> 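This is the structure I have questions about; it appears just below.
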Amino acid sequence: MFETLKNAFKVKEIRKKLIITLLLLLVYRLGCYIPVPGIDSAQFSQVIEGNNFLNLMNSVTGGALASGTLFALGIGPYINASIIMQLLCVGIPALERLSKQGEEGKKKIAAITRFVTLALAIIQSVGIIINFSQESAISAQIIALFGGDGNRWIVYIYMAVIYSAGAMLTMWLGERITEYGVGNGISMIIFLGIISTAGLTIFIEPVQDMVTNGFDGGKLVSIILFCVIAVVIFALIVTVDLAERRIPVQYAKQVKGRKMYGGQSTVIPIKISGSGVMPLIFAFAIISLPDLIMGLFAADSNAYANYQAWFSSGTGPLGWLYILVLCALIFLFSFFYAQIQFNPEDISKSIQQNGGFIPGIRPGRPTADYLKKISNRITLFGAIFLSLVAFIPSLAFSFAGEQFVNVFSTTGILIVVSVALEFDKQLQSQLMMKNYKGFLK
């Protein structure tokens with residue numbers, strides 16, 4: 001990757017894209033530190049620390065949610081809107097036809113996604129403000145400025161507008177990175193948020209502590225041990241992420257007019273982790289939903305205290321039940337998402353229409369059944385891999401110290417790996433295109 005970056009900076013067009021990407025990401029990080037008038041960031045942080053799901057969302061925003069800043073919602077509403085639209089395109093025939101209409105259809109779906117993002121941003125911002133106001137996260141000064149408790153609803157509208165605008169601005173920055181920069185802008189923003197959160201825990205906070213309390217050799221050893229464990233875990237995940245099963249396909253020779261086509265061999269690559277991080281996101285979101293609801297609406301109740309003591313995060317006496325439920329959800333969503341991404345019937349039909357066949361397998365229905373069997377087996381191994389990733393990193397990081405357990409969330413590790421690999425592939429493809437253009441000239 002470093003060699004690819006070095007070569008990319010030598011090319012003027014790619015260097016310009018990299019600089020634009022870095023500047024837009026810098027704007028995003030600055031927005032994560034712009035305070036919203038009337039928000040008590042200390043109260044915001046206390047509420048979030050007691051909720052596992054909000055902790056996960058805070059890590060994606062790079063700590064902006066815990067501070068209650070302008071980009072507190074981050075890119076979350078857009079991600080949720082994209083997932084919803086992706087599922088609706090499978091279930092609603094009209095949207096499915098629209099998604100298959102090429103570039104024009106994609107533009108229309110993108111426009112619908114933006115409206116859904118705005119609606120979700122408003123709903124999330126209103127929910128956060130109303131529930132966090134119960135924890136005194138909204139200062140009395142801003143309420144008094146708008147006319148006191150009788151006009152508290154005006155304060156809610158004002159803050160909902162600010163947070164919704166922040167979410168839409170984050171979406172706009174992501175789209176500009178995609179259009180003028182390198183790679184997928186939304187993925188780059190999520191990547192930056194996770195790396196920023198990890199950087200605060202690994203480097204900034206220890207340095208501040210050493211400046212205040214003096215040098216501590218034990219903490220330095222813990223940081224080095226954490227970095228070594230992180231490198232090993234990332235290397236293993238990259239190895240599995242790049243693994244794939246290649247199914248050979250042979251195309252028969254066809255004579256069209258005076259020319260002969262086909263006759264070549266190719267492969268259908270099926271990745272072990274083809275579903276990416278989506279099954280984990282869905283599984284953690286569903287299993288964290290009771291924790292989120294009780295944490296916001298019944299934080300002081302005995303039911304919530306018992307739930308956290310017995311079930312939450314798998315640390316209580318019923319932790320084994322938490323682990324089983326989480327693994328079952330990961331398996332369920334892995335197979336569900338694999339069926340959305342990989343359709344054996346469509347691929348079999350496409351191969352047959354182009355005069356191809358899989359050696360040893362008859363075209364048509366037998367090919368579809370064969371592809372489905374292979375896909376199910378690979379999805380099974382992918383689900384097992386995701387289930388291991390859901391627990392092993394936290395256990396491994398605990399050897400370096402309890403403060404490092406939550407530096408990288410489970411989904412955060414997979415997102416960092418996939419975005420880094422995607423960024424490297426984007427740079428390599430653009431360098432290759434530049435070389436082709438130079439050759440043609």
Side-chain angles (χ1 to χ4, degrees), residues 28 31-32 34 36-41 43-45 47-48 50-62 64-89 91-92 95 109-138 142-143 146 151-175 186 189-190 193 278 281-299 411:
Y28 168 71
C32 292
I34 297 176
V36 175
I39 290 295
D40 187 345
S41 59
Q43 292 292 336
F44 248 68
S45 182
V47 176
I48 288 169
N51 192 289
N52 296 319
F53 183 73
L54 292 179
N55 264 321
L56 173 62
M57 297 306 299
N58 181 54
S59 67
V60 174
T61 60
L65 181 59
S67 302
T69 55
L70 176 62
F71 289 165
L73 295 181
I75 203 67
Y78 182 80
I79 296 172
N80 295 332
S82 300
I83 293 172
I84 290 170
M85 289 302 299
Q86 193 173 20
L87 296 175
L88 290 179
C89 285
I92 300 178
L95 290 175
I109 289 179
I112 298 172
T113 304
R114 293 189 191 101
F115 285 110
V116 176
T117 301
L118 178 59
L120 291 177
I122 294 172
I123 293 170
Q124 289 183 23
S125 59
V126 169
I128 286 176
I129 291 164
I130 291 176
N131 288 290
F132 278 37
S133 66
Q134 300 172 2
E135 305 291 337
S136 302
I138 299 177
I142 195 70
I143 295 175
F146 281 91
N151 293 325
R152 186 181 285 261
W153 61 274
I154 301 178
V155 181
Y156 295 165
I157 294 175
Y158 149 74
M159 291 187 173
V161 169
I162 291 179
Y163 282 132
S164 300
M168 297 306 291
L169 181 56
T170 304
M171 180 193 71
W172 182 84
L173 289 172
E175 290 182 344
I186 306 302
I189 288 176
I190 299 173
M278 296 309 299
I281 292 177
F282 280 125
F284 274 111
I286 289 180
I287 203 169
S288 301
L289 191 60
D291 198 347
L292 174 64
I293 295 173
M294 287 190 287
L296 292 176
F297 294 98
T411 51

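Since this is a predicted model, take the numbers as computed values, not measurements.
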> What is the distance from atom OG1 of T69 to atom CD1 of I162, rounded to the nearest 0.5 Å?
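The OG1 atom of T69 sits 11.5 Å away from the CD1 atom of I162.
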> Nearest 0.5 Å, please: how far is CZ in F71 from CD1 in I189?
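Reported to 0.5 Å precision, the distance equals 8.5 Å.
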> Measure across A81 and T117 and return the closest heavy-atom pair with its distance rounded to 0.1 Å.
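Taking A81 first and T117 second, the nearest heavy atoms are CB-OG1, 3.3 Å.
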> Could you state the interatomic distance from CG (L70) to OH (Y163), rounded to the nearest 0.5 Å?
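These two atoms lie 8.5 Å from each other.
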> Write down the atom of M168, the atom of R114, and the distance for their closest heavy-atom approach.
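M168 and R114 have their closest heavy atoms at CE-O, 3.9 Å.
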> Once you round to the nearest 0.5 Å, how far does CD1 of I79 lie from CD1 of I190?
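Rounded to the nearest 0.5 Å, the CD1-CD1 separation comes to 3.0 Å.
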> What's the separation between atom OG in S125 and atom CG in L120, rounded to the nearest 0.5 Å?
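Atom-to-atom, S125:OG and L120:CG are 10.5 Å apart.
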> Under the 3.5 angstrom rule, does the side chain of T113 hit a backbone N or O of S82 as a donor-acceptor pair?
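Looks like no, no N/O pair under 3.5 Å.
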> Identify the heavy atoms of L73 and P77 that sit nearest to each other, and give their distance.
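Smallest heavy-atom distance, with atoms named: O-CD, 3.6 Å.
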> I need the minimum non-hydrogen distance between A167 and A121, along with the two atoms involved.
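Closest approach of A167 to A121, heavy atoms only: CB-CB, 3.9 Å.
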